[in-house]
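The next block holds one structure in the form of structure tokens; read it before the comments.
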Amino acid sequence: MRRKLLLILLISVGLTAQWALAGVPQSTVVLPGIDEATMKAKFAETDMQQMEGIWEYPNEEMKLAIERYKGEKNIAYRIVLLASADLELIPGTVVGYIARSAVANKFQLWIYTERSKVGLKSPLECVATLSADGTSLTFDPPHYKVKVRLNLARFFSKIFRGVSVTPEKVEEKLPVGFRKVFPANGNGEKFNEIRYL
């Protein structure tokens with residue numbers, strides 16, 4: 001039992017240290033006066049990068065903005081909530097951060113996973129992939145399970161312990177992600193909008 005508690009403690013300390021190293025705040029901040037119209041106006045005044053724009057997050061019924069951000073380390077973007085089906089979440093809440101990697105279409109993404117009294121906390125890190133046309137950003141959150149093995153025939157009890165706890169990654173699942181809705185493409189239609197001829 002002590003080993004399980006020690007393992008859980010080591011994993012949580014490791015995750016906390018990883019967030020601290022990345023420069024990702026432990027809890028979210030709320031940016032005042034942010035909505036879809038203000039973000040569109042802000043984007044219109046800048047030379048937008050492929051990652052920037054307004055995105056839908058269908059799994060959570062949210063509309064988000066991804067904008068450039070000068071954060072610590074290599075954090076290049078922040079994800080800001082514009083609208084949500086969950087009325088307790090305030091527009092302007094920063095729900096995550098994105099950092100570049102050595103691969104052009106792969107990014108390090110942190111997204112907050114738990115509620116706190118004033119917003120969100122506990123950023124979960126995952127790898128995000130931007131599609132070639134820049135219209136979808138998908139990610140697969142890590143899934144872990146713990147495997148406990150009991151060795152009943154302990155011939156070498158001093159070398160091989162009777163119980164071992166091993167964390168394992170669970171099989172990959174279908175990724176979730178964001179779908180870009182602004183800016184419009186070259187024909188004047190929104191991304192992913194069906195065009196009738």
Problem set entry | Minimal non-hydrogen separation, Pro91 against Leu82, with atom names | CB-O, 3.5 Å
For this session: State the CG-CG distance between Asn105 and Leu130, to the nearest 0.5 angstrom.
Result: 7.0 Å
Exercise. What distance separates Arg78 CZ from Ile98 CD1, expressed to the nearest 0.5 Å?
Worked result: 12.5 Å
For this session: For Trp110 and Pro123, work out which heavy atoms get closest and say how close.
Result: CB-CB, 4.1 Å
Exercise. Among the clusters formed by ILVMFWY side chains lying less than 4.5 Å apart, do Val80 and Val30 turn up in the same one?
Worked result: no
Exercise. How long is the span from the NZ atom in Lys121 to the CD atom in Gln26, to the nearest 0.5 Å?
Worked result: 10.0 Å
Seminar exercise, completed: CZ of Arg179 to CD of Glu56, rounded to nearest 0.5 Å, is 5.0 Å
For this session: Report yes if the side chains of Thr93 and Tyr112 come closer than 4.5 Å at any heavy-atom pair, otherwise no.
Result: no
N/O donor to acceptor pairs below 3.5 angstrom from side-chain atoms of residues 44-55, sequence neighbours left out:
unit_1	atom_1	unit_2	atom_2	d
Thr46	OG1	Phe43	O	3.2
Gln49	OE1	Tyr77	OH	2.4
Gln49	OE1	Arg100	NH2	3.3
Glu52	OE1	Gln49	N	2.9
Glu52	OE1	Arg68	NE	3.0
Glu52	OE1	Arg68	NH2	3.0
Glu52	OE2	Arg68	N	3.0
Glu52	OE2	Arg68	NE	3.4
Trp55	NE1	Met51	O	3.3

Exercise. Are the side chains of Glu67 and Leu31 in touch, meaning some heavy atoms are under 4.5 Å apart?
Worked result: yes
Exercise. Do the rings of Phe139 and Phe178 sit parallel, tilted or perpendicular, given the 30° and 60° boundaries?
Worked result: perpendicular
Problem set entry | From Phe107 atom CZ to Leu137 atom CG, the distance as rounded to the nearest 0.5 Å | 7.5 Å
Exercise. If you round to the nearest 0.5 Å, how far is NZ of Lys63 from CG of Asp35?
Worked result: 11.5 Å
Seminar exercise, completed: Heavy-atom nearest pair, Gly134 first then Lys180, reads O-CD, 3.4 Å
Exercise. Heavy atoms, side chains only, cut-off 4.5 Å: are Val95 and Glu60 in contact?
Worked result: no
Exercise. Any link between Val127 and Tyr97 through a network of hydrophobic side chains (Ile, Leu, Val, Met, Phe, Trp, Tyr) touching at under 4.5 Å?
Worked result: no
Exercise. So, Thr113 side chain and Ser122 main chain: donor-acceptor pair closer than 3.5 Å or not?
Worked result: yes
For this session: Taking the side chain as every heavy atom from C-beta outward, state whether Ile90 and Leu81 have any pair of such atoms under 4.5 Å apart.
Result: no
